[in-house]
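Contents: one structure, followed by commentary.
All values below were derived from every heavy atom in this structure, side-chain atoms included, with hydrogens, water molecules and symmetry-related copies excluded. Just so we're clear, the structure is a prediction, and the values are computed from it rather than from any experiment. In what follows, every chain begins at residue 1, and chains take the letters A, B, ... in the order their sequences are listed.
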Amino acid sequence: MLKRLLFDSKNLNVTVSRLCNQLLENHNHFQNSVIIGLQPRGIFFAQRIINEIEKQIAKKIQKGYLDTTFYRDDYKNNRKELDAKETSIPFSLDEKNVIIVDDVLFTGRTVRSAMEGIINFGRPNKIELLVLIDRKFNREIPIEATYIGKSVNTIESQKVLVNLKEQGYKNDKIWIVKTN
Amino acid sequence: MNLLNNKHLLGIKNLDLNEIDLIFNTADRFKEVLTRPIKKVPSLRHITIANVFFENSTRTKLSFELAEKRLSAEILNFSSSGSSVKKGESLLDTIKNILVMKVDIMVIRHSSPGVPQFIANNVDASVVNAGDGSHEHPTQALLDAYSIKEKLGNINNKKIAIIGDIIHSRVAISNIFLLKKLGAKVMVCGPKTLIPKHISDLDIIVENNIKKALEWADVANVLRIQLERQEVKYFPSLREYSLYFGINNKLLKSINKDLIIMHPGPINRGIEISSDVADSSRSIILNQVENGVAIRMAILYLLSLNIK
């Protein structure tokens with residue numbers, strides 16, 4: 001199995017703080033902005049962003065997490081993703097600026113279903129997308145991220161493997177892996 | 001990915017613990033969906049469901065219908081009154097005519113035990129038993145157990161008394177199967193004429209004294225006296241039944257313990273349960289109805305995953 005390292009703990013921290021600064025620049029101290037992490041893996045990365053922002057502005061921000069399983073259009077063919085995880089958005093998203101956070105942007109289908117899920121919680125002013133890794137050239141629907149940690153060129157037979165400490169790994173390591 | 005082992009839900013008997021767990025966990029997710037401003041998900045938009053009711057129903061039918069609508073399924077409703085069943089059409093002909101209209105899941109209620117199994121043997125669609133005679137009513141048992149779990153945290157070792165008309169009750173049988181699987185201690189209580197002869201073979205306690213049953217139990221699931229299924233008299237009068245087996249505040253006060261009261265509905269107020277008990281804070285009767293939608297959404301969603 002061929003592996004190429006994209007991030008280790010050190011450069012992941014640098015990227016997280018750059019993304020947070022970009023968010024702060026656009027979101028006016030998060031007065032009307034909320035962060036929604038996507039289940040299952042986007043929530044860990046979202047929590048890092050939230051921690052860093054809360055540290056910088058010294059106040060709590062509104063946050064939630066969303067599971068997109070029931071909104072997917074490919075769930076018949078994609079059986080491993082069918083275990084619905086918890087969703088928690090205990091506030092209305094009416095008139096809010098929503099930032100969706102996920103680890104990897106690939107075909108765009110998860111984000112499409114996430115947007116469908118989000119509008120069930122109200123009509124946001126604006127929806128933005130923040131991803132750690134953007135796999136360019138693999139999009140199946142016209143969705144692009146607003147904030148990107150790193151763009152990579154991948155082909156379909158490759159996978160992005162995200163191992164974060166929050167998932168029980170010793171160190172943060174994010175790889176591109178060739179599967180066959 | 002976890003899936004149900006079977007393409008039908010015909011009874012609790014065929015479910016294993018992993019499947020029960022999967023249904024409860026999925027119901028948790030749908031319960032959250034039902035708190036959203038828009039309580040609908042598009043998961044079953046490619047699925048057509050027929051609700052085929054050969055017997056009267058309010059709660060179960062509405063609950064299934066709402067669950068199906070919340071999942072965005074296409075719905076077909078059939079009830080035998082006013083249909084060609086009255087003209088003499090056979091059961092299988094009726095069902096096959098409904099299915100030829102490309103129905104994926106059939107929710108069926110019938111007064112004869114075994115009808116859902118018979119249908120499942122003869123058609124390609126998934127079949128959900130919504131009550132067959134005095135045999136099984138699996139979705140009711142699942143929502144009952146789910147409601148107990150929600151209230152008490154778990155079911156293992158909890159003492160549950162099922163009270164009333166056991167002999168005619170599919171709810172009782174499905175509840176016994178499910179609660180035993182989940183490790184509960186189960187008692188049935190009622191007049192001897194309303195308790196099947198060999199029911200203690202199911203490893204449950206049989207009691208004829210209501211006070212003793214309530215003193216023993218953590219949860220009392222009170223069943224309806226099913227007058228429509230009683231061809232012969234099983235007890236002298238409703239008044240006498242109510243006097244000996246009816247649950248009222250006076251009786252509960254004499255026991256002096258926290259007891260959860262359940263009832264699958266419809267309630268005969270003043271007969272098996274008094275209004276002050278049915279509407280009291282220890283009653284979770286309306287929670288049962290609320291949870292019914294989430295449980296049925298979970299079952300229909302999980303069955304839809306098995307449809308090719």
Handout entry: Contact listing (chain B partner; residues 88-111 of chain A; heavy atom under 4.5 Å)
Key = none
Completion exercise
By residue number, those in residues 116-134 of chain A with heavy atoms under 4.5 Å from heavy atoms of chain B are A:Glu116, A:Ile119, A:Asn120, A:Phe121
Exercise for the section: Please confirm whether the backbone N or O of B:Ile12 pairs with a side-chain atom of B:Ser174, one donor and one acceptor, at under 3.5 Å? Expected result: no
Problem - Donor-acceptor under 3.5 Å (A:Arg18 side chain, A:Gly149 main chain) - result: yes
Exercise for the section: Under the salt bridge (charged side-chain N to carboxylate O under 4.0 Å, His left out) rule, collect the residues that match up with B:Asp218, sequence neighbours excluded. Expected result: none
Problem - Salt bridge A:Glu54-A:Lys59, side-chain N to carboxylate O under 4.0 Å - result: no
Completion exercise
Heavy atoms of B:Thr139 and B:Ile299 approach each other most closely as CG2-CD1, 3.7 Å
Practice task
Establish, from distance only, whether the side-chain atoms of B:Gln288 and B:Asn291 form a donor-acceptor pair under 3.5 Å.
Solution key: no
Problem - side-chain contact (heavy atoms from CB on, under 4.5 Å) involving B:Lys69 - partner list, sequence neighbours excluded - result: B:Glu65, B:Ile75
Completion exercise
Ranking B:Thr26, B:Thr35, B:Ile38, B:Asp28 by heavy-atom pairs under 4.5 Å to chain A gives rank one to B:Ile38
Handout entry: B:Phe78 ring center within less than 6.0 Å of B:Phe53 ring center
Key = no
Handout entry: Atom group of B:Lys39 that falls short of 4.5 Å from chain A, counting heavy atoms
Key = neither
Practice task
Can you label the angle between the B:Tyr301 ring and the A:Phe70 ring as parallel, tilted or perpendicular, going by 30° and 60°?
Solution key: perpendicular
Handout entry: Atom NZ of B:Lys151: over 12 foreign heavy atoms under 6.0 Å
Key = no
